[in-house]
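From a predicted model like this one, the values you see are computed outputs, not experimental measurements. So that the names make sense, note that chain A is the first sequence line, chain B the second, and so on, each numbered from 1.
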Amino acid sequence: MTRTSERPIRARMAPSPTGRLHIGTARTSLYNFLFARHVGGTYVLRIEDTDLVRSTEDDERDIIDNLHWLGITWDEGPQVAGGEDIGPYGPYRQRNRSELYAAEAARLLESGHAYHCWCTPEELEAVRREQEAAKEAPRYNGRCLRLTDADLAQFAAEGRKPAIRFQVPAETVRFDDLVRGEVEFDNRLLGDFIIVRADGSPLYHFVVVVDDEKMEITHVIRGEDHISNTPKHIALIRALGYREPRFGHIPLILNADRSKMSKRKSQTSVTAYREEGYLPEAMVNFLAFLGWSPGTEEEIFTLDQLIERFDLAQVHKGGAIFDKDRLNYLNGIYIRSLTDEQLALRLRHFLPEALDDEGVLRVVPLIKERLVKLADARELAAFLTESDDEVAALYDADKLVPKGRSVADATAALRAAREALGELAAADFAADVLESRCRAEAERLGWTAGDFFRPLRVAVTGRSVSPPLFGSMELLGRDRVLARLDAALRKSSLQESLA
RNA sequence: GCCCCCAUCGUCUAGAGGCCUAGGACGCCACCCUUUCAAGGUGGAGAUCACCGGUUCGAAUCCGGUUGGGGGCACCA
């Protein structure tokens, strides 16, 4: 066997644009990336779009954009979705490599490693159903291996077009998996499989082998769901006279019920997490630790630190549940590690246009340590862009009145605050001034500060949970604060008179 | 059904024969701080290392079996 370890190291990610970038694909891409960068190898992006019906340019764009967003870079591949597709080992979209696959399939036909299969999908489906009913392994029965000239003439007369099927050699295949060690499989258990459809388009197991060879890939790191497919790939590699790459199968990311992470049971698209306001740094840190750990108690790592520390030998064998609580925790850590300016920049698209850049920057100190996700800023800062009427619509006695107090009490508190703050000039509407004034009022009325602040908070923000009260008042400004206090006063006096 | 893979607190994990009466983190609970909520601080509950046999003076760590879970077996990737 060729000693692949002596070839320059080349790894690849091979997403299929038949859906948004999947969390699992992102993690596999990340591990490949960390591996390639750690060893100083070359990293290649190949688009696996052999399924022309399901592949879309939108999905390719989503995948490439999100890979970039995560900070994953590559040396070869289509750099821009829908863009040019050239490079030293290009093209990198499989739809642009069909001549190559046709030629390699022809070689297999010629050498007798593959044969034409005239069975229709319906016929195959019927056989499969019979096998399942008989509790047998569902695999091809080899019918087209034993065709007579008469059969052939008949198919031709019917106008049938043949698919090309690979004849799997009866042998035991072994390989040394980079994360699992020695794996053995008896290929006699496999049925011959299709490598080219009747319409001439090639299938995954075939193209992946051809491309990995032609692109000189030395290390194939992929999800564990492919470990059972590896013997097929090795059989193909041998039949085609290719060099065998090293294989490494990483554990799967799981749904809460421990099944393979799927769209039905979990949120799997990276775009969705991005839109919720997860930071790429947090996502990368989180994903890296789903199946790998540096062997120490450190847990916060930048991409560069991950590259430095990553080692396939420390990748786990068991699958890991996607734990959103932990992602949330990490996201909070990364959000709080940003400067106010950096955070304001990232928050821009999550906040209403009505809040200008200066406005965003001014709310940041108030909401920063309250954000789990960037999108949380919308609710936290809503009181700033909502009109006084909108805020007033949120008032109700339940919120306005502190526990153990009456509506009359709340009214008294609001009135006291209204009068005290009304005496201040707009220029004096600063958090520290507002706070000392309000505390003085609370003391004068014999209220605890906490109780006294509650009606004010609801009056000013419409909510019983809000960013720090006086900072919020400062941002709102004198006129709007007083208007809201007045509105709350009307509401509570009204309720008082009704009571 | 057959084959392959896996197995430490609810979750992510440390652990590569004695350092483990199993460590950290998330989550949970309590307290502190405190104008709400957070953030932060302190403490706590939480794992007979799936089970059963071996090997060994000694096993979470090595071996075998059992059980459980997952994955694969497409003219999807």
Is the shortest side-chain N/O distance from A:Lys368 to OP1 or OP2 of B:A38 below 4.0 Å?
no
What's A:Glu132 touching, base or sugar-phosphate or nothing? Going by heavy atoms closer than 4.0 Å.
nothing
Return no unless some side-chain N or O of A:Arg197 is found under 4.0 Å from OP1 or OP2 of B:A77.
yes
Does the side chain of A:Ser259 get closer than 4.0 angstrom to OP1 or OP2 of B:G69 through an N or O atom?
no
With a 4.0 Å cutoff (strictly under), does any side-chain N or O of A:Arg258 reach OP1 or OP2 of B:C12?
yes
Regarding A:Arg336, tell me which of base, sugar-phosphate or nothing describes its non-hydrogen contacts under 4.0 Å with the strands shown.
sugar-phosphate
Does a nitrogen or oxygen in the side chain of A:Tyr204 sit under 4.0 Å from OP1 or OP2 of B:A77?
no
Give none if B:A16 has no partner; otherwise give the nucleotide forming a Watson-Crick or G-U wobble pair with it, both distances under 3.5 Å.
none
Rounded off to whole Å, could you give me the CG-to-P distance for the A:Asn229 and B:C3 pair?
17 Å
For a quick check of understanding: with a heavy-atom distance under 4.0 Å over all strands, which category does A:Ala320 fall into, base, sugar-phosphate or nothing?
sugar-phosphate
Quick one: look up who B:A7 pairs with, Watson-Crick or G-U, both distances under 3.5 Å, and put none if it's unpaired.
B:U67
Using OP1 and OP2 only, check whether a side-chain N or O of A:His316 sits under 4.0 Å from B:U13.
yes
Let me see the working for A:Phe322 and A:Phe286 under ring-ring contact (aromatic ring centres under 6.0 Å, His included), right down to the final yes or no.
CA-CA 9 Å; A:Phe322 188 97; A:Phe286 172 70; 4.9 Å; yes
Lys NZ or Arg CZ of A:Arg165 over A:Tyr140 ring: under 6.0 Å, within 45°
yes
Across all strands shown, which nucleotide pairs with B:C28 by Watson-Crick or G-U wobble geometry, both distances under 3.5 Å?
B:G44
Do A:Phe175 and A:Phe185 have ring centroids that are under 6.0 Å from one another?
no
